[in-house]
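After the structure tokens below, expect a handful of questions from me.
Naming: A, B, ... by sequence-line order, numbering from 1 per chain.
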Protein chains: 2
Amino acid sequence: MRADAVRNRERILEAARVEVGLGGTECSLDNVAKRAGVGPGTLYRHFPTRDDLVGALLLGWADEVRTDTDATAGDTWDDVLEWLVRLADHSMLYRGLASTLAAAEADEASPLRTVHAVVLGAMSRLLDRAREAGVVTVPVDADEISRLVAGIAMSAEQANLAAAQVRSMLAIVLNGLTQARPNN
Amino acid sequence: MRADAVRNRERILEAARVEVGLGGTECSLDNVAKRAGVGPGTLYRHFPTRDDLVGALLLGWADEVRTDTDATAGDTWDDVLEWLVRLADHSMLYRGLASTLAAAEADEASPLRTVHAVVLGAMSRLLDRAREAGVVTVPVDADEISRLVAGIAMSAEQANLAAAQVRSMLAIVLNGLTQARPNN
DNA sequence: ACCTGAACACCGTTCAAGT
DNA sequence: ACCTGAACACCGTTCAAGT
């Protein structure tokens, strides 16, 4: 890669971090290019789709989520709840992030597939620990929990919910994973 | 209102039903005007914002949801689950609908406020019945359930989930509303 | 009183011309 | 090999001119 290309790619990522931070994942790519000081064509050369750009932005993010998840014991109800809260928080780092990640689930060719897979892997391991500790007793997989948390994150984003309201919804979900289902 | 104005309003609503059905709540308003055979200015005169148009489209929808909810006994776990499934279905009538409704919750001045209020009222009454029957035992209000269902609907929409997967997520939520929370 | 459609701003995307 | 920026299509929104 040519020296100016490397530099431009870096500038674009830096500008994208700012613009996506301000306007969410659906922010104007024109503004990203302008802030980076490159022509729109240059942005498209480095990142052919919006998801390619967002995906590049999320590499470190996915690592953070995985590290946090792997460091969570998940052997008590409260421990799992706090982890769910942190996961929802992470999912709301940028506006539109939860929605973008959810859409990546259905799209086999999405540039966000790797990001999603990293998170799901860690979630799956945590789920095993939680099940062993008896915190999760209901049949469920990591995908399903991921979708539920993403849904809560999207809801919270649209309705501007406070942290306490998000926690309350997560508690209901966790409660649903913990108890045996009645048969009346 | 002048005769041509009445006719144009009707034409716009008819066109909107088609376009929103095809492209979701974020469909092009230009296309709505074109399909209705009116200038863009005419659309704006009748419906100053997108939410005004979507709100007008949802008047019958809200009635359907309320009627269905009021006709639901909610005295057994399965009965409430089936109602949740129908509510989620209704929330996915148009792409973007769940998201639009969720955003209306935070916006006091939204033209969708009435629509939202009608649904919430019916939900609140059903919740009382479910609580009396012991199906819901956890402290929760209609708003919170509405947000959880909206979140699941948004997740399902983004990830193209099948009906069975939606039902499974709703069952987890209902399970979380049914059982007492453990204190370990 | 209502409608029309031109006009403007903004954005995503492509591509011929440059270096 | 990479960059630039003009060009095109599309869309939301406004408003002067019509009837």
Notebook entry, point to check: Expressed in angstrom and rounded to an integer, what is the separation of I12(A) atom CD1 from dG12(C) atom C1'?
Noted result: 15 Å
Check: Over how many whole Å does the gap from K34(B) atom NZ to dA9(D) atom P extend?
Finding: 12 Å
Checklist line | Candidate nucleotides dC2(C), dG12(D), dA6(D), ranked by approach to the side chain of R45(B) - the nearest | finding: dC2(C)
Next item on the list: Would you indicate, yes or no, if dC10(C) has its OP1 or OP2 atom less than 4.0 angstrom from a side-chain nitrogen or oxygen of S28(A)?
Entry: no
Notebook entry, point to check: Could you give the CG-to-C1' distance, from D51(A) to dG12(C), as a whole number of Å?
Noted result: 14 Å
Item checked: Which nucleotide in dT13(C), dA6(C), dT4(C) has an atom nearest any side-chain atom of P40(B) -> dA6(C)
Item checked: From dC3(D), dT13(C), dC2(C), nucleotide with atom closest to D4(A) side chain -> dC3(D)
Next item on the list: Let me know, please, whether T42(A) or T42(B) comes out on the 5' side of the other along DNA chain C by nearest nucleotide.
Entry: T42(B)
Check: Paired with dA17(C) by Watson-Crick or G-U wobble geometry, both distances under 3.5 Å: which nucleotide is it?
Finding: none
Check: Can you tell me if H90(A) uses its side chain to pair, donor with acceptor, with the backbone of R86(A) under 3.5 Å?
Finding: yes
Margin query: Let's test this: given Watson-Crick or G-U wobble pairing with both distances under 3.5 Å, identify the partner of dC8(D).
Written below: dG12(C)
Check: Between atom OH in Y44(A) and atom P in dT4(D), what is the gap in whole Å?
Finding: 15 Å
Check: Tell me: CD of E10(A) to C1' of dC2(D), nearest whole Å?
Finding: 17 Å
Item checked: Backbone N/O of L22(B) and side chain of R95(B): donor-acceptor pair under 3.5 Å -> yes
Notebook entry, point to check: What does dC3(C) pair with, Watson-Crick or G-U, if both distances are under 3.5 Å?
Noted result: none
Note to self: Just so I know, are the side chains of L58(B) and Y94(B) near enough to count as touching, which here means a heavy-atom distance under 4.5 Å?
What the structure shows: yes
Note to self: Just N and O in the side chain of N8(B): are any of them under 4.0 Å from OP1 or OP2 of dC2(C)?
What the structure shows: no
Next item on the list: For D30(B) and dA6(C), give me the distance from atom CG to atom P, rounded to whole Å.
Entry: 13 Å
Check: Considering heavy-atom distances to DNA chain D, does R50(B) or G41(B) have its closest nucleotide positioned more toward the 5' end?
Finding: R50(B)
Margin query: Within the 3.5 Å criterion, strictly below it, is a donor on D143(B) or S146(B) matched to an acceptor on the partner's side chain?
Written below: no
Next item on the list: Report yes if at least one side-chain N or O of H46(B) is closer than 4.0 Å to OP1 or OP2 of dC3(C); otherwise report no.
Entry: yes
Next item on the list: Please tell me which of the listed nucleotides, dC2(C), dG12(D), dC3(D), lies nearest to the side chain of R2(A)?
Entry: dC3(D)
Checklist line | F47(A) CZ to dG12(C) P, straight-line distance once rounded to whole Å | finding: 15 Å
Notebook entry, point to check: Over how many whole Å does the gap from L43(B) atom CG to dG5(C) atom P extend?
Noted result: 15 Å
Item checked: Any donor-acceptor N/O pair, R167(B) side chain to V85(B) backbone, under 3.5 Å -> no
